[in-house]
There are 2 protein chains.
Amino acid sequence: MAYNVMSATCPSRVVLHRIGARWTVFVVNALAEGPMRFSDLRTRIQGITPKVLTETLRSMEADGLLTRTAYAENPPRVEYDLTELGLSLLGPLRAVREWAEAHVPEILAARDRS
Amino acid sequence: MAYNVMSATCPSRVVLHRIGARWTVFVVNALAEGPMRFSDLRTRIQGITPKVLTETLRSMEADGLLTRTAYAENPPRVEYDLTELGLSLLGPLRAVREWAEAHVPEILAARDRS
DNA sequence: GTGCCCGGTATCAAAACCATACCGTGATCA
DNA sequence: TGATCACGGTATGGTTTTGATACCGGGCAC
């Protein structure tokens, strides 16, 4: 009821700040294909460092966006999977991803002009 | 063709990086209501500092997402307005905003549990 | 000629992010 | 039995973004 991100003190600000973290959009889009292991994510999301991936996953887990399941095997196996909440975020974040992929030429052209 | 944000060197990465900047989502959602002056934006987007607002606006202007029109009046008047490209970004970014406003209780509850 | 309005800058501090190297645990293999 | 490997991370140190606070320049009204 009546949450508004334009208000500095509204809790939705915190939420937006979290889902706006640089790598959340990558993780959500990657896990859209199904559960993945840490190394799968690292391979799929090229260029992410293990430290930042760990931090992103831990934060998303704390926010209830995904689950982390560690199996007592060796070598270790850890699986990450979107929760229902995380899945509900996929709609918006897939749209953002698709927008980025669809508008590369326009953005690059605008940058060149300026 | 075939842009893919998961590839570290794909230009769509740069685009996603830009539109994922912390305040872009606020500016686009604010300007959805129509053109605004600098001080209007500052008032509407509570808590943004003038420095960061300026940087965000300059970057978005360079990317062709909005236009900046300065009138030779005094006191000065500067209007910002979404371009067609910026308007096309409103769909995705409004969805993100609405998701944040809609899921505050779940996120806060998950944080409390952990 | 003093003070106000507007659209910003300047300066410095904190937080987020990144590159690179390294670690602990068992299983596997020579 | 001792060296090696896979996996899921940490440690360390530097750069980039973001933030808080203060200040500025130019007209115009008084």
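The figures here come from the full heavy-atom set of this structure, side chains too, leaving out hydrogens, waters and symmetry mates. So you know, we letter chains A, B, ... as the sequences are listed, proteins then strands, and number each from 1.
Counting non-hydrogen atoms of neighbouring residues, nucleotides and ligands closer than 6.0 angstrom, the CD atom of A:E73 exceeds 12 such neighbours.
For the residue pair A:S39 and A:R77, no side-chain donor N or O sits within less than 3.5 Å of a side-chain acceptor on the partner. Remark: the A:R37 side chain and the A:T43 side chain contain no N/O donor-acceptor pair separated by less than 3.5 Å.
Rounded to an integer number of Å, the gap from A:L41 CG to D:dG8 C1' is 12 Å. Whole-Å rounding puts the B:R58 CZ to D:dT18 C1' distance at 18 Å. The interatomic distance linking B:M36 (CE) with C:dG8 (C1') rounds to 19 Å, in whole Å. The CZ atom of A:F38 sits 19 Å away from the P atom of C:dT25 (whole-angstrom rounding). Rounded to a whole Å, the CZ atom of B:R18 is 15 Å from the P atom of D:dT16. Distance, A:E55 CD to C:dA15 P: 14 Å, rounded to whole Å. Atom CD1 of B:I19 is separated from atom C1' of D:dT17 by 18 Å (rounded to the nearest Å). As a whole-Å value, the separation of A:R37 CZ from D:dG9 P is 11 Å.
Remark: B:P50, B:K51, B:T54 in residues 42-54 of chain B come within less than 4.0 Å of DNA chain C through at least one heavy atom. DNA chain C lies under 4.0 Å from at least one heavy atom of each of the following residues of residues 65-75 of chain B: B:R68, B:P75.
Residues B:W23 and B:L53 fail the side-chain proximity criterion, which asks for heavy atoms closer than 4.5 Å.
Mapped onto DNA chain C by nearest heavy atom, A:G20 and A:P76 fall at different nucleotides, with A:G20 at the one closer to the 5' end.
Closest contact between the side chain of B:H17 and the listed nucleotides C:dG7, D:dT17, C:dG8 involves D:dT17.
With hydrogens and angles ignored, the 3.5 Å screen pairs no side-chain donor or acceptor of B:E101 with any backbone N or O of A:S12.
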> Step by step, would you call B:F26 with A:L16 a side-chain contact (heavy atoms from CB on, under 4.5 Å)?
Replying inline: CA-CA 10 Å; B:F26 292 92; A:L16 189 50; 3.6 Å; yes
>> Set out, in order, the CA-CA distance, both residues' side-chain angles and the distance that settles side-chain contact (heavy atoms from CB on, under 4.5 Å) for A:L90 and A:R97, then state yes or no.
In response: CA-CA 10 Å; A:L90 177 58; A:R97 178 217 172 143; over 6 Å; no
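Pairs passing the ring pair (Phe, Tyr, Trp, His ring centres under 6.0 Å) check and including a residue from residues 85-114 of chain A, sequence neighbours excluded, read A:W99-A:H103.
Electrostatic pairing of A:R68 and A:E79 does not count as a salt bridge here, judged by no charged N lying under 4.0 Å from a carboxylate O.
Side-chain N/O atoms of A:W23 include none lying less than 4.0 angstrom from OP1 or OP2 on C:dA16.
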